[in-house]
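Let me begin by presenting the structure, written as structure tokens, before commenting on it.
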There are 2 protein chains.
Amino acid sequence: MSGPAGEVPAAQPVAGLEAAGVPTVRPVPPATVGRLPGYLRALTELSVLGVRTTSSERLAALAGVGSAQLRRDLSWLGSHGVRGVGYDVRRLRGRVADALGVESDLAVVIVGIGRLGHALADYLRAEGGGFRVAALVDTDPGVVGSAVAGLAVEDDKDLEDVVRREGAVLAVLATPVQAAQRVCDRLVSAGVRGILAFTPARLAVPDGVTVRAADVAAELQILAFHTRGTPA
Amino acid sequence: MSGPAGEVPAAQPVAGLEAAGVPTVRPVPPATVGRLPGYLRALTELSVLGVRTTSSERLAALAGVGSAQLRRDLSWLGSHGVRGVGYDVRRLRGRVADALGVESDLAVVIVGIGRLGHALADYLRAEGGGFRVAALVDTDPGVVGSAVAGLAVEDDKDLEDVVRREGAVLAVLATPVQAAQRVCDRLVSAGVRGILAFTPARLAVPDGVTVRAADVAAELQILAFHTRGTPA
DNA sequence: AGTTGTGAATCGATTCACAGCC
DNA sequence: GGCTGTGAATCGATTCACAACT
């Protein structure tokens with residue numbers, strides 16, 4: 001048994017003006033969105049390898065899903081494979097990146113530059129994945145001003161300015177739990193629309209803002225569930 | 001819009017000897033398992049607050065789900081609420097922890113003590129969550145032997161011995177990508193049954209072993225999807 | 001009166017299997 | 001001959017709404 005993690009909270013219902021003859025894009029189902037990053041990675045690998053064309057069978061194997069599911073998922077993007085041939089790797093990669101909204105590197109602000117924030121900054125600078133680490137923010141006067149991952153850490157009191165300056169819509173929250181909700185509120189008020197929180201607490205956000213919790217303890221608990229039953 | 005992350009790969013089908021009069025436990029659905037950690041946290045909060053009894057309504061609000069869903073989820077655990085009254089917080093907390101398999105603190109080994117591994121070690125030591133950080137392992141001679149989170153970092157070459165010594169069935173993998181699959185294989189051969197991987201690559205594991213990927217780039221990509229459409 | 005546990009209904013996601021196209 | 005895109009079938013998960021119980 002195995003399997004990657006990832007789930008998406010809610011669908012984005014699209015105004016139903018289909019009747020008016022406007023060809024509305026059908027909303028991509030949450031479960032599909034959760035798999036798109038896997039497809040993107042697989043396609044990037046193939047692309048690097050110099051592969052020009054791939055079948056749904058091969059791509060699905062790389063991404064760890066069934067080929068029928070892959071084809072169904074791609075059909076939501078209005079994809080253009082060629083029957084009898086397969087998909088053009090480069091074109092499809094572009095299509096998936098576009099659907100996710102990571103064509104042009106999006107600005108991400110990381111708040112809380114402890115060991116975890118530092119590690120995440122390094123990782124995102126190196127791996128990329130379609131993002132630009134635009135700024136790092138912390139409260140600690142001993143950290144503010146120091147260089148981390150090639151950026152000068154900025155002062156928490158300027159958080160809103162930093163977010164606006166960089167036009168960041170995404171943020172990574174790596175502060176202690178106590179500060180999380182306050183920082184979250186300020187991020188949202190400054191225009192952030194998506195927050196990846198490494199905090200165990202549930203964060204309250206207004207509609208239109210998405211929070212994803214990266215909760216290590218919860219992940220381990222789920223793993224613990226699966227290791228039950230076969231005690232060795 | 002908001003929502004925590006978390007999904008569970010596959011169900012554990014139970015041998016169907018119901019006909020023989022044996023009261024088999026019905027398998028808990030994956031979606032339910034994914035929500036149990038949230039319930040556990042909410043129940044722990046209530047318990048700390050000194051609350052003895054709670055309704056499904058209140059508990060569901062704390063966990064961020066609907067009350068009907070909460071009741072349905074708990075019904076898989078054969079839970080014993082009292083009609084007209086609610087659930088006994090302490091008892092229910094025990095029941096959920098038990099279902100997850102985290103009643104007695106499980107041993108966890110962390111491999112790769114870079115900044116990320118160090119941060120995770122600190123976090124798991126502090127937050128607990130039903131686990132005992134049993135050992136830290138790294139290859140770097142400059143790190144091996146140093147004290148991190150109150151433990152001496154051990155040498156990677158002793159990985160298998162360490163896992164067996166501690167009887168660890170869970171591991172956290174925080175090594176560079178290149179080493180991930182090799183370390184994974186060794187963990188599995190030493191008896192580890194669940195791996196939380198902070199590596200973007202898909203890991204191949206035999207049946208009976210569960211991998212959950214904590215992929216920061218993928219999470220951000222999913223967030224990016226939700227921020228599309230409303231360019232603010 | 002208040003709340004649970006659960007059938008029945010609904011909704012969404014996955015899989016099958018094949019017509020349609022290259 | 002091979003492979004995609006998708007209707008139809010299946011499977012699972014969520015929600016409704018109420019009977020059963022304290």
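So that the names make sense, note that chain A is the first sequence line, chain B the second, and so on, each numbered from 1.
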Is [X] close enough to [N] that one of its side-chain N or O atoms is under 4.0 Å from OP1 or OP2 there?
X: Q69(B); N: dA13(D); result: no
X: S55(A); N: dC3(D); result: no
X: S75(A); N: dG5(D); result: no
X: Y87(A); N: dG5(D); result: yes
X: R35(A); N: dT14(C); result: yes

Determine, stepwise, if the pair D185(A) / Q181(A) fulfils side chain to side chain donor-acceptor pair (under 3.5 Å).
CA-CA 6 Å; D185(A) 292 345; Q181(A) 184 64 63; 2.8 Å; yes
Within this structure, what is the [atom1]-to-[atom2] distance between [X] and [N], rounded to whole angstrom?
X: L77(B); N: dG5(C); atom1: CG; atom2: P; value: 11 Å
X: W76(B); N: dT14(D); atom1: CH2; atom2: C1'; value: 12 Å
X: E57(B); N: dA17(D); atom1: CD; atom2: C1'; value: 14 Å
X: L70(B); N: dT15(D); atom1: CG; atom2: P; value: 12 Å
X: D88(A); N: dT4(D); atom1: CG; atom2: P; value: 13 Å
X: R71(B); N: dG7(C); atom1: CZ; atom2: P; value: 14 Å
X: D73(B); N: dT4(C); atom1: CG; atom2: P; value: 14 Å
X: H80(A); N: dC22(C); atom1: NE2; atom2: P; value: 13 Å

Judged by nearest nucleotide, the residue sitting upstream toward the 5' end of DNA chain C, V82(A) or T32(A), is T32(A)
For DNA chain C, whose closest nucleotide is more 5', that of G66(A) or that of V85(A)?
G66(A)
What about R83(B), does its side chain sit under 3.5 Å from the base of dT3(C) through a donor-acceptor pair?
no
Side chain R72(A) and base dT15(C) donor-acceptor under 3.5 Å
yes
Calculate, to the nearest 0.5 Å, the distance between atoms CG and CZ belonging to L40(B) and R93(B) respectively.
5.0 Å
Let me confirm one number: the NE2-CG distance from H80(B) to L92(B), rounded to the nearest 0.5 Å.
11.0 Å
What do the steps show when you test S47(A) against R90(A) for side chain to side chain donor-acceptor pair (under 3.5 Å), and what is the final call?
CA-CA 7 Å; S47(A) 192; R90(A) 192 125 34 166; 5.0 Å; no
Applying the side-chain contact (heavy atoms from CB on, under 4.5 Å) test to V96(B), which of D73(B), V102(B), L77(B) qualifies?
L77(B)
